[in-house]
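To find a chain, count down the sequence lines: A is the first, B the second, and so on, and within it residues start at 1. Values in this document were obtained by computation on a predicted structure and should not be read as measured data.
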Amino acid sequence: MLEKRYNPKEVEKGKYELWKNKGYFKAGDISKKPFTIVIPPPNVTGKLHLGHAWDTTIQDIIIRYKKMQGFDTLYLPGMDHAGIATQAKVMEKLRKNGVDVTKISREDFLKTAWEWKEEYANNIHEQWKQMGLALDYSRERFTLDEGLNFAVRTVFVDLYNKGLIYRGERIINWDPVQKTALSNVEVIHQDDKGYMYYFSYPIVDSNEKLIVATTRPETMFGDVCVVVNPKDRRYSKYVGMKVINPANGDVLPIIADEYVDLSFGTGAMKCTPAHDPNDFLIGEKYHFPKPIIFNKDATMNEKCGVYQGMDRFECREALIENIKKDGNFVKMEEIVHPVGHSERSNAVVEPMLSKQWFVKMRPLADQALSNQKGKNKVNFIPPRFAKVFSQWMEKVDDWCISRQLWWGHRIPAYYHKDSGDCIVSIEPPKDMENYIQEEDVLDTWFSSALWPFSTLGWPNTSSEDFKRYFPTDVLVTGYDIIFFWVSRMIFQSLEMTKSIPFKKVVIHGLVRDEKGRKMSKTLGNGVDPIAVIDTYGADALRYFLTTNSTPGQDMRYIEEKVVSSANYLNKIWNSARYVLSVLPSDFNEEKMVCLSSMDHWIVNRLEETIRNVESNMEKYDFNAASTHLYNFVYDDFCSQYLEMSKVALSSDDERKKNATYHVLYHCLKNIILLIYPYTPFIAEELYLNLPKHLDSIMLESYPKYHPQLIDKEHDEEVEFLFDLIKDVRNYKILNKLAPNAKLELSLKTNKTLFEDFNVYLERFTFSKLGDLQNKQGEIKNYPLGQMTIYSNVDSGELRAKLEKDIALEENEIMRGEKMLGNENFLAKAPKDKVELEKEKLAKHRLVLEELKKKLASL
RNA sequence: GGAUGCUUAGCUCAGUUGGGAGAGCAUCACCCUUACAAGGUGGGGGUCGGCGGUUCGAGCCCGUCAGCAUCCACCA
C-alpha cells in the first residue's frame, strides 16, 4: 500500500544501485539497434552545478526513452582533466599545505594532481547517482587516461605530418597569472573603463611634434615606429622623418601604411610588433625587429630601463608621471573599451609574441563547412545554432594548442640535445637519451575534441565499440560551448574518422537565478542541485529542468516551480494510490472489453496524448511533450475519469466494474510509462506496485499510439455531460449555494444519451432530474440539448445574469454576421471553416431567442 | 561594427503548417466531497512592445522603430 503522500527520499532509496547492479545501464545487446550519447565530460575541478544537472537530465531522458523503444542504448560517462582549471586548484591546495610550488618537480605535482582527480571523480560519481543517470560505467573514460593519450598522440602526429600542426612564433594571448598561452576562445572580451593617453613625440631635426594616442603606454618600450596613413595630408610631410619615443628616447621612423584609420585617435599610431597582432603584421611587412618587453608574469623586462621589474600597470602610472615631467604629456580621456581577460584567472591577457604550437585551421574549417552543406551534415536543434557554428568556422584563426602547464597531454615532440632538431612521433625516439621532450602540454580542448571517438576505442578502428556505437546519435550541450567543443569535435572527427561525430546536436541554454542573472561564485547565487534533490527529490528537479523552457532558450531557476513539479508527482502518486486501492486483489490484466462511453472517452484521450507525447519526444521538445501528459493527467484522468469511475464502481454490475478496473489500470500504467524518462524513480516505484509487472520499468516498452483503440461514437455525449456538470457547479457558486446543495433539473435532448448519463449527472451535481415544465428556472442551451435549473433565486440577480448572457450572445452574433457577410471570406476561406461559422451563428441566434424569452417572462 | 534571441495575465514562461490566446505561481469566492488541503470546484485578470504592410482573417508572415539580453570582432 502506498503512503498517503509521495515521499521522494523513500522512493529514491536504493533504486539506482539496483538498476546499476542488475546491469540495466550496460550497453551491448547486439540484437538491437544501437543508440549512443556521450556525456559532455565534466571538469574534475569541483561539484556539478545546475547547468550540468539540466544537461545530463536531457541526455538521460533521451537514453531512457530510446531504451524503452527497443534500442541498445549506450550512455557513455567520463570526465575531463581540465588542464588550467585543475592545475590552478591543485597548486592552490599545495600552497595551502605549505609547499613551495616554485620548487616542486613536475613528477611530484602530477602525483598530487592525480590524487585530486580521484577525490573529485568520486564526488561526481555520487552526483550522477543522485541524478539517476543511466550511465554505462563499464565504459567510463577520462580525458587523460592511457587510451585517450594514445588517441591524442595519434592525432597530433597525423596532423603534424599533414602540415596541419606547426610550431611558430606568433602573437598569442598570454595569461600572466597562469603563465601560459591561451587560445582565442579562452579570452573573454569585456568592456572595461580605461584611458586613452595622448603623448607628443618630438620630431627629430624639427621643432614640430607628432601626437600619438595609446591605451597601453607601457608597451612603448617595444615600439619600433610610428605609422600614419599615406593619404593623411596632415602627416604626409613627415613620412620618412624620425621621432623620439617619449618613453625611452629611442629614435623611431615615421612610416606610411594603409592600415591606419585617419579618423581614429590622432591618425598617428605607435607600432609594437611583439605585443599587438596588427602591429605584428606591420612589423613583418616592413621587417622591423620585434622586441618583447614583458617577463612571463607581465612585469617589465630588461628592455625597460628603470622600469625593469615593475608590474605592467605600475609601470604605466610611473611612465605617465615621467612623461608629464618631460613635458610630453598632452591629455588623457576616459574611455570604455574591450579588454581581454583570461577565462580562468580573469587576468588581463597580454598579447605577446611567442613560440607555440598551432593547428592550421583553414583547411579543417573549410572541410567542416562544406560537410554542413551536404547530406551528412550535423543537425543542430534548434537549427539556428548551425549558423552560429558556421559563422565561427568561416573566420576562425589558427588554434594555439600549446600550454605552459604540467597537467595535460604532453606534446609528442622531441628536440635533439645537440642539433635541436625536432622529431614528432607517437612513441619517443629509440635513442631518447639524446632527446628532450617538449615541456608543453596540449590545450584541454584538444583531447575533448576527440571525445566521441577516442572513448570508443579509436584509433583502433576495428574495435567493436567504435564500429557499433560510432558515430554517436545525439550530443546534448549548452550554446556556450559550441566554439570550445562542438565545432572542434566536428572538424577533428571529419579529419580523423572521415565521419561526423554525432548526427544531432541538441542545444540548450543557461540556468540563471530567479532574477535572470548568471549563476556565479562571486555573486554567490549558485544553486546546488544536490540540495534541491535533498528537499524535493531528483524527480522533481529533473521534471522542473526539462519542462520549463523552450529548446535553445535560457531558463530561470525558480523554487516554486520545483515545488509545483513535486506537487504534480504527488498528484500522480495519489491517483495511483486510488487506482491500486480500488482494484480487486485478484485483478488480472486482460483485454479491455465492454467499455462504457465514459471508458471509451478516456481511452481516446489517452491515445491522443500518447501520440502527442511521442511526436514531441522525437523533436526533443520535452516541454511540449510533458505538457500534453500533464493536461491528460490533471484534466482528463484525475478531474474527470477518476471521479466518474466511482459511479461505475459503486454499481452492482460486474461487467461495468470489470471494464472500469481495466481502464483505470490501463491509464495508470500508461501514465507511469510515459513519464518514466523524466522521473524514473517515482515511475519505478509506482510501476512495481502494479498488480502485474516485470522486474523493473526499465524492461518495459514505451507506449505506442494505437488508433484501433479509438472509438469516439459517444464522446460528444460525454463532453455534454461534463458541460452540464460544470454549469450546475458554476450556477451554485454564482448563486451562493453550497457545492452540495440539492437542485432540481430537467433535461431536453433529441439524442439518445448513453446509459447512466442521468446517474452521472445527478451524482455530480447533487441534484435530481425531473420534469420542471411548470416551474420557473434558468435555461441553458447546448449543441445536444437544453437544461433547466430550477431556481428560487430572486429575480433581480437572475435578470442581471440574463442581461449579461444576452450581451455575450449578441456579441458572438455580431462577429459571426460580420464574418459571413464578408464576400471575400465566403469566397476564399476553406469550406469547412465557413460551414463551421454558419453553424455557430445559427446556434447563437437560437440561444439568444431563448434568453430573450426568458427575460421577458420574468 | 556584425550576428542572434527576447518583448504575451501581477510574476516566470508556453503558444508546432495563420482560423477567437494557455500553464505554473499569485489573486478572489466557496468547500476538510471516502486518491490528493503542498488539495478540490468555480471566477477575475491580456487593444500578445509601437507603427506600417501582406491576407477574407495576423500573437504567428514581411518591413520598420524602440527596449532588454547574449555572442562574435585586432580599431591604436
Side-chain angles (χ1 to χ4, degrees), chain A residues 2 4-6 171 184-185 189 196 212-216 219 227 259-261 263-272 276-281 337-338 340 351 382 384-385 387-388 391-392 395 397 479-480 482-483 509-510 512 514 516 518 547-550 552-556 558-561 563-568 570-582 612 615-616 619 621 623-624 627 630-631 634 638-639 642-643 646 725-727 729-734 736-740 764 766 812 815 819 822-830 832-834 836-837 840:
Chain A
L2 297 174
K4 191 170 178 185
R5 184 163 175 90
Y6 156 58
I171 298 277
N184 293 346
V185 287
H189 291 94
M196 181 73 84
V212 177
T214 178
T215 53
R216 297 192 299 155
T219 63
V227 194
Y259 172 75
V260 175
D261 180 348
S263 61
F264 191 87
T266 62
M269 182 189 90
K270 73 188 218 37
C271 174
T272 323
D276 183 282
N278 297 305
D279 295 8
F280 175 81
L281 295 176
H337 62 148
R384 67 185 141 92
F385 289 105
K387 211 163 142 190
V388 176
Q391 281 179 352
W392 186 73
K395 52 180 170 184
D397 283 326
Y479 60 69
D480 52 327
I482 291 177
F483 305 137
L510 263 42
R512 299 172 172 278
E514 72 260 343
K518 225 168 158 171
T547 63
N548 276 285
S549 72
T550 313
Q553 219 62 40
D554 287 352
M555 172 180 39
R556 296 189 190 194
I558 294 170
E559 192 168 354
E560 289 83 65
K561 292 209 174 194
V563 174
S564 79
S565 299
N567 288 342
Y568 172 46
N570 184 52
K571 187 82 180 171
I572 294 176
W573 179 270
N574 271 291
S575 66
R577 204 161 72 91
Y578 166 78
V579 173
L580 295 173
S581 75
V582 300
N612 287 326
S615 78
N616 284 298
K619 289 188 277 187
D621 191 343
N623 181 22
T627 300
Y630 181 94
N631 290 335
Y634 260 95
C638 292
S639 294
L642 205 140
E643 293 301 327
K646 292 168 185 173
I725 292 170
K726 186 174 172 174
D727 282 344
R729 283 171 174 167
N730 190 14
Y731 175 89
K732 289 180 181 179
I733 282 175
L734 284 176
K736 309 243 181 281
L737 296 169
N740 59 356
F764 288 97
F766 297 90
E812 289 295 318
R815 169 182 174 270
M819 206 178 227
N822 182 341
E823 280 176 29
N824 281 324
F825 174 75
L826 294 176
K828 294 184 181 176
D832 295 358
K833 177 71 184 166
V834 177
L836 189 74
E837 287 301 328
K840 272 163 74 177

What's [X] touching, base or sugar-phosphate or nothing? Going by heavy atoms closer than 4.0 Å.
X      : value
A/S549 : nothing
A/F280 : nothing
A/E643 : base
A/T550 : sugar-phosphate
A/E514 : nothing
A/P351 : nothing
A/N567 : base
A/K387 : sugar-phosphate
A/L2   : nothing
A/C638 : base
A/I558 : sugar-phosphate

Phosphate contact ([N] OP1 or OP2) by [X] side-chain N/O below 4.0 Å:
X      : N      : value
A/K4   : B/rG39 : no
A/R384 : B/rU4  : no
A/N824 : B/rG57 : no
A/S615 : B/rU16 : no

task = Describe, in one word, how the ring planes of A/Y568 and A/Y630 are oriented to each other, choosing from parallel (under 30°), tilted (30 to 60°) and perpendicular (over 60°).
result = tilted
query = Can you tell me if A/D621 uses its side chain to pair, donor with acceptor, with the backbone of A/N616 under 3.5 Å?
reply = no
request  = Using modelled atom types only, decide if a donor and an acceptor are shared between the side chain of A/N570 and the backbone of A/A566 within a distance under 3.5 Å.
outcome  = no
Measure the spacing between [atom1] of [X] and [atom2] of [Y] and express it to the nearest 0.5 Å.
X      : Y      : atom1 : atom2 : value
A/R556 : A/L510 : CZ    : CG    : 12.5 Å
A/K561 : A/M555 : NZ    : CE    : 10.0 Å
A/K833 : A/F825 : NZ    : CZ    : 6.0 Å

Inter-nucleotide [atom1] distance ([N], [M]), Å rounded:
N      : M      : atom1 : value
B/rG22 : B/rU17 : P     : 16 Å
B/rA26 : B/rG43 : C1'   : 15 Å
B/rA66 : B/rC25 : P     : 39 Å
B/rC6  : B/rU41 : P     : 35 Å
B/rA14 : B/rC72 : P     : 23 Å
B/rG45 : B/rG39 : C1'   : 23 Å
B/rG67 : B/rU27 : P     : 35 Å
B/rU8  : B/rC48 : C1'   : 4 Å

ask   = What one-letter contact string describes nucleotides 68-76 of chain B from 5' to 3', where B marks a base within less than 4.0 Å of any protein heavy atom, S marks contact via sugar-phosphate atoms alone, and - marks no contact?
value = ---SS-BBB
inquiry  = For RNA chain B, please output the secondary structure as dot-bracket, reading 5' to 3'. Pairs are Watson-Crick or G-U wobble, both atom distances under 3.5 Å; mark crossing pairs with [ ], other-strand partners with |, unpaired with a dot.
reply    = (((((((..((((.....[..)))).(((((.......))))).....(((((..]....))))))))))))....
task = May I ask you to check whether A/D554 and A/Y479 show a side-chain donor-acceptor distance below 3.5 Å?
result =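 Their side chains do contain a donor-acceptor pair, which is all the 3.5 Å distance test asks for.
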Listing time: all N or O pairs from protein to nucleotides 21-24 of chain B that are below 3.5 Å?
from: B/rG24; atom 1: O2'; to: A/S564; atom 2: OG; distance (Å): 3.2

request  = Calculate the interatomic distance between A/N574 atom CG and B/rG40 atom P; express it in whole Å.
outcome  =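 Atom CG in A/N574 sits about 10 Å away from atom P in B/rG40.
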